[in-house]
Amino acid sequence: MPADATLHYFHDPMCSWCWGFRPVSGQLFLHLPAGVRLRKTVGGLAPDSDIPMPPGLQEKLQATWHRIHDQLGTEFNFDFWTTAKPRRSTYPACRAVLAAEQQGRYDDMVYAIQQAYYLRAMNPSDTLTLEALAAELALDATAFASDLRSEHIEARLQKEIAFYRAYSSSGFPSLVLEREGERADITLDYQDHRPMIKQILGLRS
């Protein structure tokens with residue numbers, strides 16, 4: 001039966017709240033009501049930059065990691081902040097997700113980037129890290145490297161970013177249900193997927 005509604009999930013593979021949301025979002029996506037199609041969009045949290053992350057921003061993000069851990073129990077490896085030379089740049093990771101999608105591995109690359117960033121103290125802002133993850137996933141390395149740098153993937157990313165900005169003003173992660181031309185934000189619950197299912201069912205009725 002064709003989907004009569006679309007649930008848009010806007011995320012970034014280097015968004016720490018997306019990492020915290022992962023267990024519950026996985027349950028949500030697994031239990032979506034019949035007739036609801038899922039569309040995932042990488043919205044691009046931070047543009048390309050070779051500039052080291054300022055100390056103040058590093059401290060702010062570390063505090064966010066601690067808050068997510070305290071609230072949700074999410075695991076983080078804080079060695080990243082002393083070993084990985086952080087930059088405020090997530091577009092490369094977004095491109096890697098889209099490049100992996102060319103080989104049918106969108107979700108696998110998202111998870112690989114999250115594990116690398118949050119658990120393995122690796123920097124997904126670096127192309128070498130992304131290529132190493134592609135190798136670990138046994139992707140076609142030559143095709144991945146080419147796609148990662150291609151005008152096609154850059155155009156895809158810009159289209160995804162524009163789509164996110166047109167549909168959501170809630171940051172990452174965010175959920176928007178679209179049905180018959182109408183859109184409604186879904187209130188996120190980081191602890192339980194069932195209230196979000198209830199919202200979706202209510203909006204479809």
TODO: For Ile161 and Thr41, run side chain to side chain contact (heavy atoms under 4.5 Å, CB included): C-alpha distance rounded to whole Å, both residues' side-chain angles, the deciding distance at 0.1 Å, then the answer.
DONE: CA-CA 8 Å; Ile161 292 170; Thr41 299; over 6 Å; no
If every non-hydrogen atom of [X] is compared with every non-hydrogen atom of [Y], which pair is closest and at what distance?
| X | Y | result |
| --- | --- | --- |
| Thr90 | Gly44 | OG1-C, 4.1 Å |
| Ala84 | Asn123 | O-ND2, 3.2 Å |
| Ala100 | Leu139 | CB-CD1, 4.0 Å |
| Ala184 | Leu203 | CB-CD1, 3.7 Å |
| Asp140 | Gln103 | N-OE1, 2.8 Å |
| Pro13 | Val42 | CD-CG1, 4.2 Å |

I want to check something: taking the side chain as every heavy atom from C-beta on, are [X] and [Y] in contact at a cut-off of under 4.5 Å?
| X | Y | result |
| --- | --- | --- |
| Pro173 | Cys15 | yes |
| Glu160 | Arg165 | no |
| Tyr91 | Gln158 | yes |

TODO: Check step by step if ring-ring contact (aromatic ring centres under 6.0 Å, His included) holds for His11 and Phe21.
DONE: CA-CA 10 Å; His11 69 107; Phe21 190 47; over 10 Å; no
Looking at [atom1] of [X] and [atom2] of [Y], how far apart are the two atoms once the value is rounded to the nearest 0.5 Å?
| X | Y | atom1 | atom2 | result |
| --- | --- | --- | --- | --- |
| Leu133 | Gln114 | CG | CD | 11.5 Å |
| Arg95 | Glu154 | CZ | CD | 4.5 Å |
| Leu130 | Phe144 | CG | CZ | 5.5 Å |
| Leu175 | Gln199 | CG | CD | 9.0 Å |
| Glu178 | Leu7 | CD | CG | 10.5 Å |
| Thr74 | Trp19 | OG1 | CH2 | 8.0 Å |

For the rings on [X] and [Y], is their centre-to-centre separation under 6.0 Å?
| X | Y | answer |
| --- | --- | --- |
| Phe10 | Phe172 | no |
| Tyr164 | His8 | no |
| Phe80 | Tyr118 | no |

Open item on the list: For Arg120 and Glu75: C-alpha separation, side-chain torsions, deciding distance, then whether salt bridge (charged side-chain N to carboxylate O under 4.0 Å, His left out) applies.
Closed with: CA-CA 11 Å; Arg120 302 171 65 188; Glu75 186 179 354; over 6 Å; no
Open item on the list: Determine whether Thr127 and Arg149 satisfy the following criterion, side chain to side chain contact (heavy atoms under 4.5 Å, CB included), listing intermediate values before the conclusion.
Closed with: CA-CA 10 Å; Thr127 299; Arg149 297 165 174 81; 3.2 Å; yes
Task: CD1/Ile51: more than 12 non-hydrogen atoms of other groups inside 6.0 Å - done: no
Using atom types as modelled and distance alone, determine if a side-chain donor or acceptor of [X] lies under 3.5 Å from a backbone N or O of [Y].
| X | Y | result |
| --- | --- | --- |
| Ser150 | Asp147 | yes |
| Ser89 | Pro47 | yes |
| Thr6 | Arg37 | no |
| Arg22 | Cys18 | no |
| Ser146 | Thr142 | no |

- [ ] Salt-bridge test for Lys40 and Asp107: reply yes if a basic N is under 4.0 Å from a carboxylate O, no otherwise.
- [x] yes
Open item on the list: Taking the basic N atoms (NZ, or NE/NH1/NH2) and the acidic carboxylate oxygens, is any pair closer than 4.0 Å for Arg87 and Asp126?
Closed with: yes
[X], [Y]: one ILVMFWY side-chain cluster at the under-4.5 Å cut-off?
| X | Y | value |
| --- | --- | --- |
| Val176 | Leu28 | no |
| Met109 | Leu45 | no |
| Val110 | Phe163 | no |

- [ ] Apply side chain to side chain contact (heavy atoms under 4.5 Å, CB included) to the pair Gln115 and Glu136, showing each step before the final yes or no.
- [x] CA-CA 12 Å; Gln115 288 183 307; Glu136 290 179 4; over 6 Å; no
TODO: Answer yes or no for Arg183 and Tyr167: cation-pi contact, defined as NZ/CZ to six-membered ring centre under 6.0 Å and angle to ring axis within 45°.
DONE: yes
Mind listing the side-chain donor-acceptor pairs of residues 185-195 below 3.5 Å, one per line with the distance, residues two or more places apart or on another chain?
| unit_1 | atom_1 | unit_2 | atom_2 | d |
| --- | --- | --- | --- | --- |
| Asp189 | OD1 | Gln191 | N | 2.8 |
| Asp189 | OD1 | Asp192 | N | 3.0 |
| Gln191 | NE2 | Gln71 | O | 3.3 |
| Asp192 | OD1 | Arg194 | N | 2.9 |
| Asp192 | OD1 | Arg194 | NE | 3.0 |
| Asp192 | OD2 | Arg194 | NE | 3.2 |
| Asp192 | OD2 | Arg194 | NH2 | 3.0 |

- [ ] Check the pair Thr129 / Ile113 against side chain to side chain contact (heavy atoms under 4.5 Å, CB included), numbers first and verdict last.
- [x] CA-CA 9 Å; Thr129 295; Ile113 289 170; over 6 Å; no
Could you tabulate the donor-acceptor pairs under 3.5 Å formed by side-chain atoms of residues 52-66, not counting sequence neighbours?
| unit_1 | atom_1 | unit_2 | atom_2 | d |
| --- | --- | --- | --- | --- |
| Gln58 | NE2 | Met53 | O | 2.9 |
| Thr64 | OG1 | Lys60 | O | 3.1 |

